[in-house]
Structure formats: C-alpha cells, structure tokens
Amino acid sequence: MTGQAVLVSGASRGIGLAAAKALAAEGFAVALNGPLDDDELRNAVREVRSIGVAAVAAPFDVADLGKHEAALDAIEAALGPLTTLVNNAGVGVLQRGDPLDVSEESWDCCLEVNAKAMFFLTKAFAARVLTRTRNPEIFHAIVNVTSSNAVAVAVPRSEYCASKAAAAMVSKIWAVRLGAENIAVYDVQPGLVETDMTAPVISQYEDRARAGLTLFPRVGQPEDMGAIIAALASGKLPYTTGQAISADAGMLVPRF
C-alpha cells in the first residue's frame, strides 16, 4: 500500500473510472465521485474494489460548493487523509452550434462545472491538506483533466472551450500557490477520446484521426488517460509541476 488516498470526481464512467482503476492498481485507496448515488456509481466502486484496494462512493454534485466540505469529511472518515485529488468531472455544451446562438444557460453550465467547481474543490482539498503534518515521503498531487480545447478552438462548442481555457488557468494558479507546499499540480488535456460525451461524433473523430489530424492515427481510449493520470499522481514525473500534458496523440503539434 502507498499510504495514498484519492478522490476522483466524475468517476462513474469514462476517463474518471479509468483513472480510478489505474490509481487502484498503483495502491491508492479511492473515493469515486458521481452526481448521484446510483447503480452506475455503485458498479464503478465494485470494479475498483475488485482490484484489491479500499474504495467508496462519494455521491455529490461538484457544482454545489456547499457540499464540498461534508463530502471530503465523509471520504476521509472512510479512507483516511486524502493525499490526492483528480478533478475530472465535466460537462459538454447543451447544444452544438454557432457561437451567435449560444445560450446563457449553456455558458453558465460549462463554466460552473468545468472551471468554478474545479477551483473550489481544489481549494477545499488544499486547505485541509495544508493543516496537517504530512509524511514527506508520501507524494501529494492534484491532477486536473481539462481538454485540448483549452488551447484549440472548436467553434460549435465555444462555451466549452472557454470553460476549459479557464480550467487550464486554474491549474496554473494552484501549481504556483502550492509548489512551496510540495503539492504538485498537473493539467491533463485529452484530445480525441472515445467516451459517452464524444459518442455522437466519435465516427467523425475516427475518420479525422485516420486522415492525419492526430499523429497516431487513432482516437484515444479512457484507459490511455487513466494511465497518464495515475503516473502523474504517483509521482512518476519527479521534479515537475504546473505542466499541461497534451494527451492528444500529437494533434496540436504545429506543422505544415
């Protein structure tokens, strides 16, 4: 056992569940967050427990900032002090289309979940970690999952892009603030990844990947992202913090 315990937000499925399983394989005790205490979240917890680690469900809406402290209290009562946070919970746009047609509701939803919730859950996590006497041999980290759209525009999802750009800056802010406290902060920016969120357009993504949009001619899988997240959270990139990891098969490499 590593002595590490992690909260993974948005862990019922997709990248979050893949990250939870990869972290469990590294010996982390895992709290899996989802918005509801439903079968999907309970099944995810069972999958992680089958790896042989302690795992608990942590159902709460990350956008409800008033629930953060109670949720963290419950997790730590079950697993012990948290050492690690993976901010993966996110939402897409309510409707793809022209930025001229974006609704205030869709804008607010993206910014609230993808950036504001990430900032304040990180704040709540960091505040309690900093009150403790920590074992210097145990690596502490925050891994944020943003998107290639933090830097690359997708016109039909403009509000999503804006929210992920904000989230990328949130990562930098906390990296700077927490560096002196020996807490590493990373920003994983997935590119074309096959998830429920991308299911409506995944065939287009696959065609574009094969046509050369990505340097590796395939779309990514949640397990690819999970492996990256677990490596970062485990301290396998020592003497690093504040990095944005372009997990996009080279999609954003400048070229002619």
Side-chain angles (χ1 to χ4, degrees), residues 9-19 33-36 38 40 60-65 86-121 144-173 187-222 224-225 229 244-255:
S9 70
S12 297
R13 59 190 176 186
I15 291 173
L17 177 54
N33 160 260
L36 301 171
D38 57 11
E40 188 174 52
F60 67 97
D61 180 359
V62 295
D64 187 346
L65 307 188
V86 176
N87 281 306
N88 169 73
V91 295
V93 299
L94 296 183
Q95 183 174 341
R96 291 172 179 245
D98 192 322
L100 290 169
D101 298 323
V102 170
S103 68
E104 185 177 2
E105 180 186 10
S106 187
W107 174 275
D108 287 348
C109 182
C110 283
L111 269 292
E112 184 176 43
V113 176
N114 297 344
K116 183 179 179 181
M118 174 187 289
F119 181 95
F120 282 96
L121 187 55
N144 297 326
V145 180
T146 65
S147 171
S148 294
N149 290 129
V151 293
V153 173
V155 169
R157 296 180 292 122
S158 55
E159 64 271 47
Y160 177 84
C161 295
S163 72
K164 291 299 186 177
M169 180 54 71
V170 167
S171 300
K172 291 182 176 69
I173 289 164
D187 175 8
V188 176
Q189 299 183 348
L192 308 181
V193 179
E194 185 175 2
T195 66
D196 288 352
M197 186 183 294
T198 61
V201 293
I202 195 62
S203 62
Q204 298 172 39
Y205 283 1
E206 289 169 343
D207 290 344
R208 295 183 72 188
R210 285 192 293 267
L213 179 62
T214 55
L215 302 187
F216 297 149
R218 68 173 179 89
V219 298
Q221 296 300 311
D224 297 323
M225 304 302 111
I229 292 164
I245 310 298
S246 296
D248 64 359
M251 180 172 63
L252 299 187
V253 172
R255 57 198 129 141

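Start at 1 with the first residue, then count along the sequence.
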Practice task
Start with the C-alpha gap between I15 and I229, add the side-chain angles, then the distance that decides, and say whether side chain to side chain contact (heavy atoms under 4.5 Å, CB included) holds.
Solution key: CA-CA 9 Å; I15 291 173; I229 292 164; 4.0 Å; yes
When rounded to the nearest 0.5 angstrom, what is the spacing between [atom1] in [X] and [atom2] in [Y]?
{"X": "T214", "Y": "M251", "atom1": "OG1", "atom2": "CE", "value": "8.0 Å"}
{"X": "K172", "Y": "N144", "atom1": "NZ", "atom2": "CG", "value": "11.0 Å"}
{"X": "T146", "Y": "N87", "atom1": "OG1", "atom2": "CG", "value": "11.0 Å"}
{"X": "L213", "Y": "Q204", "atom1": "CG", "atom2": "CD", "value": "12.0 Å"}
{"X": "Q95", "Y": "S103", "atom1": "CD", "atom2": "OG", "value": "8.0 Å"}
{"X": "L17", "Y": "T195", "atom1": "CG", "atom2": "OG1", "value": "12.5 Å"}

Counterpart residues, side-chain contact (heavy atoms from CB on, under 4.5 Å), relative to [X] (two or more places apart):
{"X": "F216", "value": "A249"}
{"X": "V155", "value": "P99, V153"}
{"X": "L252", "value": "S148, V151, A152, D248"}
{"X": "A117", "value": "V62"}

Indicate the atoms forming the closest heavy-atom contact of [X] with [Y], along with that distance.
{"X": "A18", "Y": "P222", "value": "CB-O, 3.2 Å"}
{"X": "V102", "Y": "S158", "value": "CG2-OG, 3.4 Å"}
{"X": "G34", "Y": "S12", "value": "CA-OG, 3.8 Å"}
{"X": "A63", "Y": "V113", "value": "CB-CG2, 4.1 Å"}
{"X": "S147", "Y": "K164", "value": "CB-CG, 3.7 Å"}
{"X": "Y160", "Y": "G92", "value": "CD1-CA, 4.0 Å"}

Applying side chain to side chain donor-acceptor pair (under 3.5 Å), name anything that partners [X], two or more places apart in sequence or on another chain.
{"X": "N114", "answer": "S163"}
{"X": "S9", "answer": "none"}
{"X": "D61", "answer": "none"}

Practice task
Kindly indicate, with the supporting measurements, whether the criterion side chain to side chain contact (heavy atoms under 4.5 Å, CB included) is fulfilled by L192 and T198.
Solution key: CA-CA 8 Å; L192 308 181; T198 61; over 6 Å; no
Among residues two or more places apart or on two chains, list those pairs meeting salt bridge (Lys or Arg N to Asp or Glu O under 4.0 Å) that have a residue in [range].
{"range": "residues 90-113", "result": "none"}
{"range": "residues 199-214", "result": "D207-R210"}
{"range": "residues 149-162", "result": "none"}

Practice task
Name all residues meeting the salt bridge (Lys or Arg N to Asp or Glu O under 4.0 Å) criterion together with D196; count only those two or more places apart in sequence or in a different chain, and write none if there are none.
Solution key: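 Once residues adjacent in sequence are excluded, the partners of D196 under the salt bridge (Lys or Arg N to Asp or Glu O under 4.0 Å) criterion are R13.
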Exercise for the section: Only counting residues at least two apart or in another chain, list the ones meeting ring pair (Phe, Tyr, Trp, His ring centres under 6.0 Å) with F119. Expected result: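 Testing F119 for ring pair (Phe, Tyr, Trp, His ring centres under 6.0 Å), a comparison that skips the adjacent residues, returns W174.
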Exercise for the section: Decide if atom CE of M197 counts as having more than 12 heavy atoms of other residues, nucleotides or ligands within a radius under 6.0 Å. Expected result: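 Yes, enclosed.
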Problem - Verdict with supporting geometry, V145 and M225, side chain to side chain contact (heavy atoms under 4.5 Å, CB included) - result: CA-CA 9 Å; V145 180; M225 304 302 111; over 6 Å; no
